[in-house]
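For reference, the structure discussed in these notes is given below.
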There are 2 protein chains.
Amino acid sequence: MKEQTSPDSPLADLCRQRGLKLTGQRRTIAFVLSDSDDHPDVEELYRRAVAVDSRISIATVYRTVRLFEENGILQRRDFGGGRARYEVADGDHGDHYHLIDADSGKVIEFENAELDALLDTIVQQMGYGLVTTRLSVVGRKKAKTRSGN
Amino acid sequence: MKEQTSPDSPLADLCRQRGLKLTGQRRTIAFVLSDSDDHPDVEELYRRAVAVDSRISIATVYRTVRLFEENGILQRRDFGGGRARYEVADGDHGDHYHLIDADSGKVIEFENAELDALLDTIVQQMGYGLVTTRLSVVGRKKAKTRSGN
DNA sequence: ATATTTGCAAACCCTTTGCAGACCG
DNA sequence: CGGTCTGCAAAGGGTTTGCAAATAT
């Protein structure tokens, strides 16, 4: 009888690697997150999780999401609108940013090495080491350019 | 009898220019804001306003701050921590960003034309026009001795 | 004069928490 | 088994709002 090595989602595995107790709920939430490529808020995660296993409470989603964030598994984002949104954390590199469509609210991810480098340089020159970058640009589709704010 | 042209703070004047009714409370809040060069949250603004005129309620500060934001007089910022913080809006140019000290939480403003340009270019290339940039970097002061951790 | 604004307190929204029972390792 | 995790509902912190009285233009 062979041992099952990894029947779980990538995030569930990560969970285990981090030494976190892998409960049914966490497994479900991890699965839902692994399965998401957008930036759901807690209520949305709750909806998706309940669809998989109805025995999950929203309090647990809040607790899990916080736990995952503290363990570097998730990243919390704020795109305005009062509620926190989450996405699977990037590896140490591959950092990415967000462009938010001013009209539709749609979030578009992008990467840019030059931007990475420039930010790092700027922060260095100010005598600091870069810890985190929180950057989202709001843009409007192909119209006049405004260089405000 | 000559008309008083401008006995008020710069922001109170802006208020008037925008056609907003200039009440006592708004005048006070505008004064407090003109007098601030940091990024106070609503409670802090309330404290400062009450120090000038005790007949102000926090509800009015919330309402005024929102009004000012909607009229481009103030800018709301989010540095984490749940509460919104405010600062006087930049003119169309002179845009600036924020570096947050990871340890002290201190907010340090900076400008960088190269960064302005790069962001604009990136957004253009994605087929959008830049509307707003929300950027704050968290950094840790470089230790000159060693960087243990 | 009269439409707006204010203060107060209650309402709201998102998030956290105390507790008793359920569960993982 | 023992400590951790969960569900529930109540509490919490920031922000908004309904209403009658006060106020600006």
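Just the heavy atoms: all of them, side chains too, but no hydrogens, waters or symmetry mates, feed the values below. Throughout, protein chains are lettered first and strands after them, A, B, ... in sequence-line order, and every chain is numbered starting at 1.
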Report yes if at least one side-chain N or O of [X] is closer than 4.0 Å to OP1 or OP2 of [N]; otherwise report no.
| X | N | result |
| --- | --- | --- |
| A:Thr23 | D:dT6 | yes |
| A:Arg83 | C:dC13 | no |
| A:Tyr62 | C:dT15 | yes |
| B:Arg66 | D:dT17 | yes |

Heavy atoms, side chains only, cut-off 4.5 Å: are B:Leu135 and B:Leu115 in contact?
yes
Quick check on contacts: within residues 75-82 of chain A, what sits under 4.0 Å from DNA chain D by heavy-atom distance?
none
How close or far is atom [atom2] of [N] from atom [atom1] of [X], stated in whole angstroms?
| X | N | atom1 | atom2 | answer |
| --- | --- | --- | --- | --- |
| A:Tyr46 | D:dG7 | OH | P | 9 Å |
| A:Arg26 | C:dC24 | CZ | P | 11 Å |
| B:Asp41 | D:dG14 | CG | P | 8 Å |
| B:Glu43 | D:dG14 | CD | C1' | 9 Å |
| A:Arg85 | C:dC14 | CZ | P | 13 Å |
| B:Glu70 | C:dT5 | CD | P | 11 Å |
| A:Leu22 | C:dG25 | CG | P | 6 Å |
| B:Lys21 | D:dT23 | NZ | C1' | 7 Å |

Taking only nitrogen or oxygen atoms into account, show me every contact under 3.5 Å that the protein makes with nucleotides 7-10 of chain C, one pair per line with its distance.
unit_1 : atom_1 : unit_2  : atom_2 : d
C:dG7  : OP1    : B:Gln25 : NE2    : 3.1
C:dG7  : OP1    : B:Arg55 : O      : 2.1
C:dG7  : OP1    : B:Ile56 : N      : 3.4
C:dG7  : OP2    : B:Ser57 : N      : 3.0
C:dG7  : OP2    : B:Ser57 : OG     : 2.9
C:dG7  : OP2    : B:Thr60 : OG1    : 2.3
C:dG7  : N7     : B:Arg63 : NH2    : 2.7
C:dG7  : O6     : B:Arg63 : NH2    : 3.4

Could you tell me whether a side-chain N or O of [X] sits under 3.5 Å from a main-chain N or O of [Y], the two making a donor and an acceptor?
| X | Y | result |
| --- | --- | --- |
| A:Arg85 | A:His39 | yes |
| B:Asp35 | B:Phe31 | no |
| B:Lys141 | B:Asp101 | no |
| B:Thr132 | A:Val138 | no |
| A:Ser104 | A:Lys106 | yes |

Under the side-chain hydrogen bond (donor to acceptor under 3.5 Å, both in side chains) definition, can you give me all pairs with a residue in residues 17-33 of chain A, not counting sequence neighbours?
A:Asp8-A:Arg27
Looking at A:Glu43, I'd like to know if its CD atom is crowded, meaning that more than 12 non-hydrogen atoms belonging to other residues, nucleotides or ligands lie closer than 6.0 Å.
no
Between C:dT15, C:dC14, D:dT15, spot the one nearest the side chain of A:Val42, thanks.
C:dT15
Hphob cluster co-occupancy, B:Ile100 + B:Val137, side-chain heavy atoms under 4.5 angstrom
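In one cluster: no.
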